[in-house]
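All remarks here apply to the structure that follows.
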2 protein chains.
Amino acid sequence: MSASSDFSLDMGRCNACAIRHQAVCGVLRDGELVRLNQISRRRTFDVGQVIMTDDDRAEFFANVVSGVIKLAKTLPDGRQQIVGLLFAPDFVGRAYSENNPYFAEAATEVELCCFPRDSFESVLKEYPGLEHRLFERTLDELDSAREWMVLLGRKTAQEKVASFLFLLAKRSRLTGCPHVTATPTPTFELPLTRADIADYLGLTIETVSRQITKLKTTGVIKLLGTQHIAVPDFATLGELAGQEHPAIH
Amino acid sequence: MSASSDFSLDMGRCNACAIRHQAVCGVLRDGELVRLNQISRRRTFDVGQVIMTDDDRAEFFANVVSGVIKLAKTLPDGRQQIVGLLFAPDFVGRAYSENNPYFAEAATEVELCCFPRDSFESVLKEYPGLEHRLFERTLDELDSAREWMVLLGRKTAQEKVASFLFLLAKRSRLTGCPHVTATPTPTFELPLTRADIADYLGLTIETVSRQITKLKTTGVIKLLGTQHIAVPDFATLGELAGQEHPAIH
DNA sequence: CGACATGTTGAACCTCATCAACCGACGTGG
DNA sequence: CCACGTCGGTTGATGAGGTTCAACATGTCG
C-alpha cells in the first residue's frame, strides 16, 4: 500500500503467498527471498489465453499460483498433443534454452507469479539451492512424462480415460478441503474441455465422451453438469486405470 | 598397469576415456576428475542383461561408454513401453530418489563407467558444476520424452516407424565416421529387435515389420539383413516422419 | 540336423476414428 | 422477448487402421 522500501515490506507479497513454501522459492531463506520478491510480478490469464509460444523466446519464468496450464505440441498438419498439465505450485518455463519447445495456454483462469527471464537466471546463478530445487522438480516432471508415455503407447481408451479421472480424483483428495479428513467420495471440477482431454490422452473428442458416459452408466463416476465429477467408486476407477496394484504375481 | 598412486596415473582411465568431454564429467577440471576417477569402475553388460530394476534400490549411477540401454516401464499384465533409449555419453540413474522408477536393460552389448551411489552423491554435493550439467541433461531428456509423447499419442504407424528410423539416421550422420564429410546414404545398425521397436513405438511386432517392408518396397530404405539399414532417400523419410518442415503456413 | 528365437506374411476381427446429426446453454441482435 | 448462431457435448452409423491369431521363413547354436 505504501511506497516505503523498508525490508519487511519488500517481503510482503511473498509472505502472503499461498504457495510460498511449496513452490521453488520454498528453499530460499527470508533474506534471499527479497531478491525474488523484487523482480516478481503477479499476472492473470483468462481461459484460452496463450502464455508462451513455441516459436519465439519466452520473456519470463513463473510459478503457478492458481489455475491450470496446458503444455502442448502441435504437428504441422494441426494434430495436437498435450504433453503436460501445470497445477498450483508448478514452475513454468524451460531454463537454459533460448526458446522453450512447448506452447503454454491457460486451461482455466490462471494466476502466475512471473519473473523476467534475465533477472531470474542471475538469481539462479547466485542461489544454488534454487537451481537444485528446480532440478528436483524437473526430475519429477520427467517421471510423470514417462508415466504418460505408457498411457499413450499401451493403454486402451477405457484405461486412458479412467487413468485421467483417477489422477484428478487423487489430486482432489490431497489438495481438497483439509477440514474434511476422510473423503468418502472424491469430487472435482474437470479443468479441461473434452477436446483438451482428447489431446491429453491421444484420443478423439467422441471416444472421450463415450468412455465417460460408460463410466457414468456403470456407476463408477457421477456427472453433475459436464465438468463436475464425483467418484463414488474410487477403487474400481483405480482398477480400470490399470497401473494400480503393482503386480500381484 | 602399475600400482603407483602417482597423480597422473590416478587420471589415467579418465584421460583415455572416449566420452571424457561429452559426458557429465566434461565440466570437471583435471584436479576434480581425480575424485571421480577414484570411485569409478568399468563394467560391461551382455545383450538382454538387466542393469537396473524398478523395484529395488539402484546401487550405482553410470555413464554409457558404448552400446545402447533401453529404459522401460511395464503394466501389471505385462504390456511394456520403452520410455527412453540411452546412447553413448548419456547418464544412467535417477538422482535424488531412492528407487529409480524404470527398468534398464542392455539393448546391445553395453559398456558403463559406474559410480557407487553414495560416493557419487557426495561428489555431486561438492561440485555444483556437475549437478548443473546433470540438470541440463535432464531437461533435454524431458524435451525428448515430450517429443515422444506426440509420436505415441498422435502419429500413425507409418509415421512412427519413419520417425524412429529417421532419428537413427540423423544420429548416424552425426556420430558416424568423421572422415566421411558428406554422407550421401546414412547407414546404421538397428540397436533394437522388432519387439523392442514395437515397445518403443507403442505398436505390435507385426505392424512394425509391415511398415518396414513398406518403406523397403517404396525404396525409401534398404535392408541388408534384418538389422542393417541404409537410407538412400533421407528426405522423404523425414517427410513421412511428419514433424519436419516446421509448418509452411 | 533339429530346436529355438526372430522376423515376415496372411486373414479375420475389433477398437477407435471419422462423418454426421442432434441437444442444450449461452449470448447477441432485431 | 424470442429467433438465431455458436460452442461444447452427446449419440449413432460406418469404416479404416492396427491388433490378434496363425502359418511360415530364416538364422543361429547346441
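Chain letters run A, B, ... following the sequence lines, proteins first, then strands; residues in each count from 1. Keep in mind that this is a model prediction, so the values were computed, not measured.
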Which residues share a side chain to side chain donor-acceptor pair (under 3.5 Å) with [X], sequence neighbours left out:
X: Asn99(A); result: none
X: Thr44(B); result: none
X: Asp54(B); result: none
X: Thr204(B); result: Thr207(B)

Sequence neighbours left out, what passes side chain to side chain contact (heavy atoms under 4.5 Å, CB included) with [X]? Give chain and number order.
X: Gln158(B); result: Thr156(B), Gln211(B), Lys214(B), Leu215(B), Leu240(B)
X: Asp199(B); result: Arg154(A), Gln80(B), Ile82(B)
X: Thr226(B); result: Arg194(B)

Residues touching DNA chain D, which here means a heavy atom under 4.0 Å, drawn from residues 145-163 of chain B =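 Of all residues in residues 145-163 of chain B, the ones placing a heavy atom under 4.0 Å from DNA chain D are Thr156(B), Ala157(B).
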Please list residues of residues 205-218 of chain B whose heavy atoms come under 4.0 Å from any atom in DNA chain D, ordered by number; otherwise none.
->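 Glu206(B), Thr207(B), Arg210(B), in order of number.
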Could you list all the salt bridge (Lys or Arg N to Asp or Glu O under 4.0 Å) pairs where at least one residue sits in residues 68-81 of chain B, not counting sequence neighbours?
->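 Salt bridge (Lys or Arg N to Asp or Glu O under 4.0 Å) check on residues 68-81 of chain B returns Glu147(A)-Lys73(B), Glu159(A)-Arg79(B), Lys70(B)-Glu105(B), Lys70(B)-Asp196(B), Asp77(B)-Arg79(B).
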Using the 3.5 Å cut-off, write out each protein N or O paired with an N or O of nucleotides 26-28 of chain C and the distance between them.
none

What one-letter contact string describes nucleotides 24-29 of chain D from 5' to 3', where B marks a base within less than 4.0 Å of any protein heavy atom, S marks contact via sugar-phosphate atoms alone, and - marks no contact?
-> ------
